[in-house]
Amino acid sequence: MLIDGSPYGITCGPDGALWFTLVHQGRIGRVVPGAEPTLFPLDPADGQPTVITPGPDGALWFTEFAGGRIRRITVDGVVTTFDVASPYGIAAGPDGAMWFTHLQDDRIGRITPDGQVSSYPLPGTGAMPSAITAGPDGALWFTLNQGNAIGRITTGGEASTYPLPTPGAAPVGISAGPDDALWFVEIGAGQVGRIDTSGAIIEFPLPDRAARPHAIVAGPDGALWLTEWGASRLARVTTGGKIEEFPLEGAEPHGLAVGPDGAIWVAMESGALTRHSVCPRSFRRPRSPRPPFPAW
């Protein structure tokens, strides 16, 4: 599906539509698969909207890193703006609030549906907290891109970090998996990682270590799906570490989401939303055996 703009983040909204950000145009898009998209202009339009996700209030929430704003958009296009320093990742927490990362300030933030903001400092400096997701343990988990670690924060604001085994891994995307663990991608090392709630980490190298994986999401088939930004590919990894790759048309795949049709939808910054059909886990055809990828 061609889009007039540069899609970056994408999610499935509570209205059964795909919602996406147009990072360079300062707009939010909405589309039902098979229909024409609707675009909502933002005012001001200079914020570079990036990550978008559903909130607990029936609206969509997204970050504007360049503009220093978090915004909320209802399913009929009404926008509310909150000023926040350098937000990037955002996710709904188990406490009815939205949690986000301050990319440049070494803090994790919390914002309520009515706009009350609080923030919690992280240990160290220059760690660049990036993506964030709700974990299976009632806490929030996030990546520290320059800190080369995975972080965890409770809803009470207590933070801990877990260093990655690979130097320079530079993790970005993170998602709760189907196995009660967190899965993340290492853009600097070309690997997929898994961390359980005790902090134990396993890493799975991609076939192309220069693929620069960016975002990751749990699919409807019991596997994890990720974008390879540097190689214009989509990849699938099982919870046992087996990896498949699929070429994408266009360039610079960023965010991805499970759509209302059960397919994987990818935001291509070159100007498209790409659909990849997924067989449900119970109906996947058996594949030829592959040796497991090493974990280290």
Side-chain angles (χ1 to χ4, degrees), residues 7-12 19-21 23 48-55 60-66 70 84 86-94 98-111 119-120 122 126-136 139-153 159-164 169-177 181-195 201 203 211-219 224-230 235 237 252-258 264 266-267 269:
Y8 185 95
I10 187 169
T11 194
C12 188
W19 288 76
F20 55 96
T21 59
V23 62
Q48 295 186 6
T50 46
V51 179
I52 186 167
T53 194
L60 287 302
W61 290 72
F62 59 95
T63 56
E64 291 185 343
F65 166 73
I70 286 177
V84 172
S86 65
Y88 179 77
I90 189 166
M98 303 300 295
W99 288 75
F100 61 95
T101 58
H102 290 274
L103 190 69
Q104 293 182 331
D105 291 343
D106 295 303
R107 290 180 292 151
I108 299 297
R110 177 184 185 271
I111 183 169
S119 63
Y120 305 92
L122 298 173
M128 286 183 64
S130 301
I132 188 169
T133 192
L140 287 299
W141 291 74
F142 53 93
T143 54
L144 293 166
N145 179 260
Q146 293 302 296
N148 211 55
I150 303 300
R152 176 186 184 271
I153 189 167
S160 52
T161 59
Y162 304 89
L164 296 179
V172 182
I174 189 168
S175 173
L182 290 303
W183 287 75
F184 56 93
V185 289
E186 300 175 354
I187 197 169
Q191 298 187 133
V192 184
R194 177 189 186 273
I195 183 170
I201 295 170
E203 295 171 311
R212 299 191 68 77
H214 174 80
I216 188 167
V217 69
L224 288 300
W225 293 77
L226 58 123
T227 51
E228 296 183 357
W229 174 81
V237 58
E252 297 188 78
H254 285 288
L256 75 172
V258 179
I264 302 294
V266 182
E269 195 174 338

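We number each residue from 1, following the sequence as shown. The structure presented is a predicted model; accordingly, all values stated were derived computationally and were not measured.
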Out of the candidates Ile187, Asn148, Leu144, only one should pair with Pro171 under the side-chain contact (heavy atoms from CB on, under 4.5 Å) rule; please name it. Asn148
Trp99 and Ile108: which non-hydrogen atoms are nearest, and at how many Å? CE3-CG2, 3.8 Å
Mind checking side chain to side chain donor-acceptor pair (under 3.5 Å) for Thr143 and listing every partner two or more places apart, or none if nothing turns up? none
Partners passing ring-ring contact (aromatic ring centres under 6.0 Å, His included) against Phe62 (at least two apart in sequence or in another chain): none
Tyr88 and Val51: CA distance, side-chain angles, deciding distance, side-chain contact (heavy atoms from CB on, under 4.5 Å) verdict: CA-CA 7 Å; Tyr88 179 77; Val51 179; 4.1 Å; yes
Glu186: which residues meet the salt bridge (Lys or Arg N to Asp or Glu O under 4.0 Å) condition with it, sequence neighbours left out? none
For the pair Thr101 (side chain) and Ser130 (backbone), establish whether a donor and an acceptor sit closer than 3.5 Å, ignoring hydrogens and angles. yes
For Ala215, the side-chain contact (heavy atoms from CB on, under 4.5 Å) test, sequence neighbours excluded, returns Thr227, Leu256
Can you list the residues that meet the salt bridge (Lys or Arg N to Asp or Glu O under 4.0 Å) rule with Arg194, with sequence neighbours excluded? Asp179
Among residues at least two apart in sequence or on other chains, which ones pass side chain to side chain donor-acceptor pair (under 3.5 Å) with Asp105? Arg107
Non-neighbouring partners of Val258 that pass side-chain contact (heavy atoms from CB on, under 4.5 Å), sequence neighbours left out: Pro220, Ile264
Nearest heavy-atom neighbours spanning Trp141 and Ile195: CZ3-CD1, 3.8 Å
Output field: ring centroids His214/Tyr8 closer than 6.0 Å: yes
With sequence neighbours excluded, what pairs up with Ala176 under the side-chain contact (heavy atoms from CB on, under 4.5 Å) test? Leu182
Name all residues meeting the side chain to side chain donor-acceptor pair (under 3.5 Å) criterion together with Ser160; count only those two or more places apart in sequence or in a different chain, and write none if there are none. none
Contacts of Phe100 that satisfy ring-ring contact (aromatic ring centres under 6.0 Å, His included) - sequence neighbours left out: His102
When you look at Trp61 and Ile70, which way does the side-chain contact (heavy atoms from CB on, under 4.5 Å) test go after all the steps? CA-CA 7 Å; Trp61 290 72; Ile70 286 177; 3.7 Å; yes
For the student: nearest non-hydrogen atoms of Ala149 and Pro163, plus distance: CB-CA, 3.8 Å
Could you tell me whether the side chains of Thr21 and Thr50 share a donor-acceptor contact shorter than 3.5 Å? no
Residues that Pro94 engages under side-chain contact (heavy atoms from CB on, under 4.5 Å), provided they are two or more places apart: Leu140, Thr155
Closest heavy-atom contact between Val192 and Trp183? CG1-CE3, 3.7 Å
Report the residues that fulfil side chain to side chain donor-acceptor pair (under 3.5 Å) with Glu252, sequence neighbours left out, ordered by chain and then residue number. Trp229
